[in-house]
Amino acid sequence: MVTNKVDVLLVGGGVMSSTLGTLLNKIDPSLKITLVERLDRVAHESTDGWNNAGTGHAGNCELNYTPENDKGDVEISRALDINAQFEISLQLWSSLVESGDLPTPGNFIHPTPHISFVWGKDNVEFLRQRWQKLSAHHLFSEMEFSEDPEVLHQWMPLVMNGRELNEPVAATKIAFGSDVDFGSLTRNLVDSLQKKDGFELLLSHEVQALKQAADKTWNVQLKNRVSGKSVSINAGFVFLGAGGGALPLLQKAGIPESNGYGGFPVSGQWLVCKEEEIVKQHHAKVYGKAAFGAPPMSVPHLDTRIINGTPALLFGPFAGFSTKFLKAGSSLDLMKSVRFNNLLPMMEVGVLNMDLTRYLIGEVMQSHKQRVASLKNYFPQADGKQWTLAEAGQRVQIIKKNEKGHGKLEFGTELVSAKDCTLAALLGASPGASVSVHAMIGVIERCFSTRLGQGWQDRLKELIPSYGESLVDNADLLNQVRPVVLRKLDLIND
Ligand SMILES: Cc1cc2nc3c(=O)[nH]c(=O)nc-3n(C[C@H](O)[C@H](O)[C@H](O)COP(=O)(O)OP(=O)(O)OC[C@H]3O[C@@H](n4cnc5c(N)ncnc54)[C@H](O)[C@@H]3O)c2cc1C
């Protein structure tokens, strides 16, 4: 068997690997990079437009990023971080549009106001406090707040038409929010990479085994899922951007840093409406409060979407339970991920989160009528016949040991890397694709740190003007960068 030698092997054809490949190619075009994907096309798992919500997560409308602490104070630090991280994605995408590596913005990103909507006295007070704190910060200074039903009707007519106003309502709005077709973005990034020297894409190839050689490089065995033939690649650096498939691959790599990690899969479903008459009446992403006991990724929202050029409305997600780690994975994935070193944390999480499991199973068992009843909280005049159910992507939440060695369920993402910096994996799923650029810069800073001083930092700064500085702390920098980027991505008009 012939072994191909590469500098970088990217495992998985989703938004993470394609972003890392793009950054590395832009920083050092001489790198030999191979991207391997088990399916016959890229961006077909979580990154596909229909498999995620397409929200350019910026903390504008997602109420779970601004929790209330025990004293009843709204905490905004997570929303600030996510907002600043999304700005980094916007900066890279606008640089790539300018260099011709991405097509015109309308192919992958669409201006869509981000609205938070609540009803009931306590929720209105929560939203008011959230708005007061956020709008006092430069990142959110353009956030609007209203309790006036007429204003809310202008912002979101479908949500207000036919609503019984027997309790107070309120909403906040950021006009320059976005809907992102991460599938289209990723396909365009990979198309562009394919035109570069030194880049190779291997579709229908699955990574089956990884072993580190004495010289610290990785020998990676792939199987062609069409011909059944084996292929071997020797890589100086491996990135496991395999989405839900990253945990099993990390376990196969056997680095000590992977010990104790487990995965908790959560599936999802949407209600979808493609009726032109309905779709054209809503132009926003309207996020509400999660139901009591629901996991943070189950915050209900009614969204304007444009996927592969087709407008639609999506409502959900309705969470669900499946033992698969990938949508096109195997029902044995969860069982196969159990190891001696993660058995205890996984069992503890299972026992401590019975409520969550019950909630997920309850969600799966819902009838169409029950789902439409939830939809009516956001679209009172919805006609269930105009909405169909669609499967969303799979998320694998991280299980890890806490400080006391007990199992803990996490809802964020985590970069796990080998001590010698030859391999890294991205685990978890939230806030996800929106912060892919920040996450992949994290891979570069951690695993290629010696190269940063050799011109890599300067190249990053050319691509991302705020690179190396904090947009949370630096209002002047934000005011310089944001309007330019929003204009270049057609998210605001001149
Ligand atoms: C229901 C839902 C809603 C979401 N909503 C949002 C949102 O609104 N905004 C947002 O920013 N993010 C959202 N996300 C998260 C976002 O979709 C993910 O964070 C992102 O797509 C992950 O990209 P990825 O490249 O890591 O993984 P993926 O897109 O899953 O790609 C991984 C790829 O690796 C391949 N692979 C796996 N194993 C192997 C192997 N052994 N060999 C070769 N290839 C392999 C898979 O086939 C797949 O193509 C959502 C996710 C879900 C599920």
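The structure presented is a predicted model; accordingly, all values stated were derived computationally and were not measured. Counting convention: from 1, in listed order, for ligands and their atoms alike.
Proximity to A392 (heavy-atom distance under 4.0 Å) selects the following atoms of ligand 1: 1 (C). Annotation for ligand 1: atoms under 4.0 Å from non-hydrogen atoms of G54 are 7 (C), 8 (O). Using a 4.0 Å cut-off to heavy atoms of F182, the atoms of ligand 1 that qualify are 9 (N), 10 (C), 11 (O). Applying the 4.0 Å criterion to heavy atoms of N52 picks out, from ligand 1, the atoms 2 (C), 3 (C), 4 (C), 5 (N), 6 (C), 13 (C), 14 (N), 17 (O), 50 (C), 51 (C). Of all atoms in ligand 1, numbered sequentially from 1 with element shown, those under 4.0 Å from a heavy atom of H205 are 43 (C). Below 4.0 Å from some heavy atom of T55 lie the following atoms of ligand 1, by number and element: 7 (C), 8 (O), 9 (N), 10 (C), 11 (O). Taking every heavy atom of M16 and a limit of under 4.0 angstrom, the matching atoms of ligand 1 come to 23 (O), 24 (P), 25 (O), 26 (O).
Using a 4.0 Å cut-off between charged nitrogen and carboxylate oxygen, K324 and D333 do not count as a salt-bridge pair. Taking 4.0 Å as the cut-off between side-chain N and carboxylate O, D48 and R41 do not count as a salt-bridged pair. Ion pair E87/R482 flagged as a salt bridge, since at least one NZ, NE, NH1 or NH2 atom sits closer than 4.0 Å to an Asp/Glu carboxylate oxygen. A salt bridge links R305 with D179: the closest approach of a Lys/Arg side-chain nitrogen to an acidic carboxylate oxygen falls below 4.0 angstrom.
Aromatic rings from F315 and Y378 are positioned such that their centres are separated by under 6.0 Å.
Of the candidates G13, A242, S17, A242 brings a heavy atom nearest to atom 32 (C) of ligand 1. In this comparison of T47, L426, N51, V266, the heavy atom closest to atom 20 (C) of ligand 1 sits on T47. When the options A439, G241, A53, A43 are ranked by their closest heavy atom to atom 6 (C) of ligand 1, first place goes to A53.
In terms of polar-atom proximity, defined here as any N/O pair under 3.5 Å, L249 makes no such contact with ligand 1. At least one N/O-N/O distance between R38 and ligand 1 falls below 3.5 Å. Any N or O atom pair closer than 3.5 Å counts here, and E206 shares no such pair with ligand 1. In terms of N/O distances under 3.5 Å, ligand 1 is not approached by L39. On a distance-only criterion, Q394 and ligand 1 share no N/O pair closer than 3.5 Å. Considering backbone and side-chain atoms alike, S46 places an N or O below 3.5 Å from some N or O of ligand 1. Not one N or O of G393 is nearer than 3.5 Å to an N or O of ligand 1, by distance alone. For ligand 1, one of its N or O atoms has an N or O atom of S434 under 3.5 Å away.
With no hydrogens or angles considered, a side-chain donor-acceptor pair links Y287 and T55 at under 3.5 Å.
Rounded to the nearest 0.5 Å, atoms SG (C61) and CG (D303) are 8.0 Å apart. Note that CD1 of I88 and CD1 of I441 are 5.5 Å apart. Values are rounded to the nearest 0.5 Å. Distance check: L332 CG to S337 OG gives 11.0 Å after rounding to the nearest 0.5 Å. Taken from CD1 in I255 to CG in D420, the straight-line distance is 8.0 Å, to the nearest 0.5 Å.
Every residue two or more places apart in sequence or in another chain was checked for a salt bridge (Lys or Arg N to Asp or Glu O under 4.0 Å) with E75, and none qualifies. Under the ring-ring contact (aromatic ring centres under 6.0 Å, His included) criterion, F448 pairs with F237, W456, sequence neighbours left out.
Residue contact annotation: E37 has a non-hydrogen atom under 4.0 Å from ligand 1. Ligand 1 has at least one atom lying under 4.0 Å from a heavy atom of A433.
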